[in-house]
Amino acid sequence: MGKTLFDKVWDTHVVDVIENGPQILYIDKHLIHEVTSPQAFNELKQRGIPVARPHKIVATADHNTPTVNQHLPIKDELSRKQLAQLSKNCKENNIPLYDLGHKNNGIIHVIAPELGFTQPGMTIVCGDSHTSTHGAFGTIAFGIGTSQVAQVFASQCLLLQKPKSLRVSVNGKLKKGVLPKDVILYIIAKLGTNSGTGFFCEYAGNVFEEMSMEGRMTVCNMSIEMGARGGMIAPDQTTFDYVEGKEFAPKGAEFDKKVAYWKTLPTDSSAIFDQEYSIDAADIAPMITYGTNPGMGIKITENIPDFNDSSFEKSLEYMNFKKGESLINKPINYVFIGSCTNSRIEDFRIAADYVKGKQKATNVNAWLVPGSQKVAKQITEEGLQAIFEEAGFVLRQPGCSACLAMNDDKIPEGEYCVSTSNRNFEGRQGQGSRTILASPLVAAATAVEGKIIDITKQLN
Amino acid sequence: MEKFTKLTSRAVPLDTENIDTDQIIPARFLKATDKLGFGDNVFRDWRFHKDGSLNTTFALNNAKYRGSILVAGDNFGCGSSREHAAWALVDYGFNVIVSSFFADIFKGNALNNGLLPVQVSAAYLKKLMAHLQENPTSEIVVNLEAQSIETTVGTATFDIDPYKKTCMMNGYDDIDYLMSKKDQITAFEAQN
Ligand code: SF4
């Protein structure tokens with residue numbers, strides 16, 4: 001029997017197998033940030049254990065950082081202390097840190113690929129569930145808890161049970177206006193939020209093969225939202241072209257050698273998955289969520305379903321939506337384009353393309369937050385900033401921002417926010433806030449109209 | 001980590017599905033750099049109204065429920081990987097969570113903090129939830145050695161990774177184990 005992409009990468013990283021127990025998996029790259037690392041550093045200190053491989057770690061400050069006036073000291077005392085602690089920990093342990101204001105700073109899942117740290121065939125972990133993003137490169141990448149962050153610090157390894165394998169294939173031709181975000185929102189709505197639990201997912205089919213790396217990252221990013229530990233897409237020429245020339249990517253003959261190896265990674269045709277789903281691309285339309293988990297999504301033209309279930313009803317009550325109603329024409333006062341799901345240059349190009357020559361609705365507060373300093377720079381260089389500013393949008397500085405509202409970027413209580421982020425949980429974007437997940441195109445259209453519109457009509 | 005073998009306690013029934021870690025501990029409480037005191041803010045936005053007053057309809061605030069076992073709806077602990085959720089539940093005083101399904105990362109985090117996730121069937125959970133709501137003083141016995149949960153609605157068994165079971169019963173963790181494998185890890189690096 002052939003091997004899957006996942007098997008091939010996993011098997012080459014197994015250090016040992018414990019009888020009746022987990023396997024010891026070697027970790028190539030460990031990404032850290034300010035929120036989930038301090039307790040792990042403390043743990044090691046208390047036990048008198050040094051950080052085993054500091055050069056295999058990359059650190060950034062992203063979750064808790066302001067998106068305005070980043071050159072000034074952070075106002076919030078606890079946030080300031082948490083960042084100071086990260087700097088101290090990195091310094092004491094010789095770990096490279098892209099701190100606030102550094103030209104490489106940004107959301108960890110945006111900067112690691114753009115700097116070339118993320119490469120096919122690797123194992124990558126981070127104390128953050130959206131580490132699955134890096135699976136777009138044919139990498140085993142997944143989020144871990146802080147105890148596990150400490151384990152990787154101590155040993156560069158993790159104890160893990162090998163997950164089961166799942167493949168989601170999407171073939172056919174996507175309709176106009178259907179973006180990678182819609183593809184993943186559709187998959188999650190269709191399969192459910194715990195359909196992936198216990199699995200590592202591979203996305204296959206011509207839709208993913210034809211997708212850009214940015215699009216693949218958007219898809220893999222939300223694998224966790226269907227419960228999967230991670231998602232992967234087989235590396236191909238698109239992947240190699242993206243990695244080539246990146247600051248920390250292999251160069252010259254070494255790169256060629258790597259590419260030859262990466263080409264062996266795709267799933268063998270005789271490999272068998274524990275679970276398979278197949279989706280017709282033509283069935284997917286621009287999507288939107290109406291509830292308080294990412295599985296509660298519908299096509300923008302559909303009505304909210306009618307289920308008799310107390311959790312479902314509680315969720316609608318929180319959102320102040322009714323069963324059977326349509327979201328078209330719902331007035332929206334907040335729009336957020338950002339987060340590790342949709343804050344790459346391609347996302348801002350799509351938004352700018354729509355916004356060009358139009359004006360932002362006066363009722364809307366629109367926050368455009370690039371994923372990294374590099375993306376911010378590109379936005380300016382490509383002239384997108386001018387387009388946004390003419391349309392009345394304000395561009396903020398990079399970070400996680402309103403995706404989790406740890407900083408001041410909070411959506412007020414009771415307000416709706418059409419957001420390109422990944423989670424619509426109760427209070428995720430601020431206490432009492434109501435999140436509607438969508439693609440950057442739908443978000444841009446909402447900002448211009450001041451309400452949710454049927455984008456498909458404008459496109460056809 | 002504390003050793004865990006057997007626990008007899010009353011339980012708090014929390015009949016909500018898909019409880020994500022953002023609800024267990026909201027992001028604005030993640031600014032600490034140590035593990036202490038998260039219990040004060042567990043389920044913060046469900047336990048308290050925005051003006052800071054107690055939400056008396058919420059299960060944890062209901063005086064008739066108490067105990068160190070939380071019985072919760074399907075798909076407990078989904079969402080963010082924040083281990084702060086496990087710290088908050090432990091700090092609040094829970095040692096066991098019973099549900100019909102646990103999200104992967106939460107389950108691992110719980111086990112790494114001596115918090116035992118007990119997965120039962122959906123049918124069993126439904127019966128237990130209804131029973132506890134009617135009979136709040138009813139006691140539950142969780143026996144890790146036997147991998148069993150005994151309640152008035154019947155006895156069920158649950159699965160746990162044998163390695164994790166040994167860790168919990170003896171109060172040791174993965175770091176201890178991995179440190180004992182240092183030479184092997186170095187040898188692996190040399191070959192690859
Ligand atoms: S952007 Fe949001 S989802 Fe992504 S790492 Fe930051 S907080 Fe997590």
Side-chain angles (χ1 to χ4, degrees), chain A residues 12 15-16 18 20-22 24 26 35-36 38-39 42-43 47 49 52 63-64 76 78-79 81-82 85 127-129 131 142-148 150-151 154-159 161 163 193-194 197-198 224 227 229 292-293 310-311 314 404-406 413 423 425-428 431-432, chain B residues 1 15-18 20-23 26-35 44-46 50 73-75 78-87 101-113 161-164 166 173-179 181-182 184-189 192:
Chain A
T12 54
V15 176
D16 198 6
I18 304 170
N20 283 323
I24 302 179
Y26 190 81
V35 177
T36 55
Q39 291 87 351
N42 289 348
E43 183 81 40
R47 298 186 186 217
I49 302 173
H63 281 66
N64 204 352
D76 182 84
L78 287 174
S79 304
K81 277 194 179 152
Q82 204 174 43
Q85 190 65 41
D128 186 285
S129 55
T131 308
F142 53 93
I144 56 177
T146 297
S147 295
Q148 291 173 307
Q151 289 164 32
S155 66
Q156 203 57 34
C157 287
L158 277 175
L159 285 167
Q161 292 283 1
T193 46
N194 62 22
T197 306
I224 184 81
R229 205 55 195 277
T292 55
N293 74 57
S310 63
S311 291
K314 181 174 173 282
L404 91 166
M406 258 188 98
E413 189 173 7
R423 285 186 174 144
F425 298 152
E426 283 184 28
R428 171 79 178 183
Q431 260 181 293
Chain B
M1 204 168 83
D15 194 7
T16 304
E17 290 177 8
N18 298 317
D20 58 76
T21 53
D22 272 78
Q23 306 316 317
R28 62 185 188 281
F29 301 115
L30 306 186
K31 296 182 184 184
T33 52
D34 55 37
K35 294 183 186 178
R44 178 77 200 192
D45 296 338
W46 288 353
K50 204 165 179 208
D74 194 56
N75 197 24
C78 55
S80 153
S81 62
R82 62 189 69 162
E83 195 160 318
H84 310 68
W87 301 334
F101 206 88
F102 291 93
D104 280 342
I105 303 182
F106 175 80
K107 195 173 177 177
N109 287 343
L111 287 165
N112 283 333
N113 288 279
D161 179 310
Y163 164 81
K164 275 291 166 198
T166 316
D173 66 17
D174 292 351
I175 295 190
D176 301 324
Y177 185 84
L178 286 167
M179 291 311 285
K181 294 282 175 181
K182 264 206 130 154
Q184 211 180 331
I185 295 167
T186 314
F188 175 89
E189 280 178 324
N192 286 275

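Below, read A as the first sequence line, B as the second, and so on, with proteins coming before strands; counting in each chain starts at 1.
Summarising the geometry, atom CG belonging to N18(B) is positioned 8.0 Å from atom OG1 belonging to T292(A); distances are rounded to the nearest 0.5 Å. Note that the CH2 atom of W87(B) and the OG1 atom of T146(A) stand 4.0 Å from one another [nearest 0.5 Å]. Here D74(B) contributes atom CG and N194(A) contributes atom CG; the two are 6.0 Å apart, rounded to the nearest 0.5 Å. Put simply, CZ on R229(A) and OG on S81(B) are 9.0 Å apart, with the number rounded to the nearest 0.5 Å. Between atom CG of residue L178(B) and atom CD of residue Q156(A) there is a gap of 11.0 Å, rounded to the nearest 0.5 Å. If you take NZ on K35(B) and CG on N42(A), they are separated by 8.5 Å, rounding to the nearest 0.5 Å.
Using a 4.5 Å cut-off between heavy atoms, D45(B) contacts chain A through its side chain alone, with no backbone atom that close. Looking at K181(B), only its side chain comes within 4.5 Å of chain A, counting heavy atoms on both sides. Contact of D104(B) with chain A is made through backbone and side chain together, with heavy-atom distances under 4.5 Å. For a residue to count as touching a neighbouring chain, one of its non-hydrogen atoms must lie under 4.5 Å from one of that chain's; by this rule F101(B) touches chain A with the side chain only. If you measure heavy-atom distances from Y177(B) to chain A, the contacts under 4.5 Å come from the side chain alone. The parts of Y163(B) that come within reach of chain A are both its backbone and its side chain, each placing non-hydrogen atoms under 4.5 angstrom from that chain.
By number of non-hydrogen pairs under 4.5 angstrom with chain B, the leading residue of S155(A), P38(A), A150(A), S147(A) is S147(A). With respect to chain B, the highest number of heavy-atom pairs below 4.5 Å among S79(A), S129(A), P22(A) belongs to S129(A). In terms of heavy-atom pairs under 4.5 Å with chain B, the best-connected choice from N293(A), I224(A), N64(A) is N64(A). With chain B as partner, the option from C157(A), P163(A), A52(A) having the largest number of non-hydrogen pairs under 4.5 angstrom is C157(A). Counting heavy-atom pairs closer than 4.5 Å to chain A, the top-ranked of the candidates R44(B), K182(B), K50(B) is K50(B). Heavy-atom pairs under 4.5 Å with chain A peak, among A187(B), A86(B), A27(B), at A27(B). Most heavy-atom pairs under 4.5 Å with chain B, from the set I24(A), D128(A), I144(A), D16(A): that is D16(A).
Remark: K314(A) NZ is packed, more than 12 non-hydrogen atoms of other residues, nucleotides or ligands lying under 6.0 Å away.
With Q82(A) contributing its side chain and L30(B) its backbone, the two residues share a donor-acceptor pair below 3.5 Å. Put simply, the side chain of S311(A) gets close to the backbone of E17(B): a donor and an acceptor are under 3.5 Å apart. A donor-acceptor pair under 3.5 Å is formed between the side chain of K31(B) and the backbone N or O of M406(A). Within the 3.5 Å criterion, the main-chain N or O of Q23(B) finds no donor-acceptor partner in the side chain of E426(A).
No side-chain N or O of D34(B) forms a donor-acceptor pair with one of Q39(A) less than 3.5 Å apart. At a cut-off of 3.5 Å, with distance as the only test, no side-chain donor of E83(B) or T36(A) sits close to an acceptor on the other residue.
Applying the side-chain contact (heavy atoms from CB on, under 4.5 Å) test to I49(A) and every residue at least two apart in sequence or in another chain returns L44(A), R47(A), A154(A), I175(B), M179(B). Here D22(B) pairs with R428(A), R82(B) under the salt bridge (Lys or Arg N to Asp or Glu O under 4.0 Å) rule; sequence neighbours left out.
Using a cutoff of 4.0 Å between basic side-chain nitrogens and carboxylate oxygens, R423(A) and D20(B) are not scored as salt-bridged.
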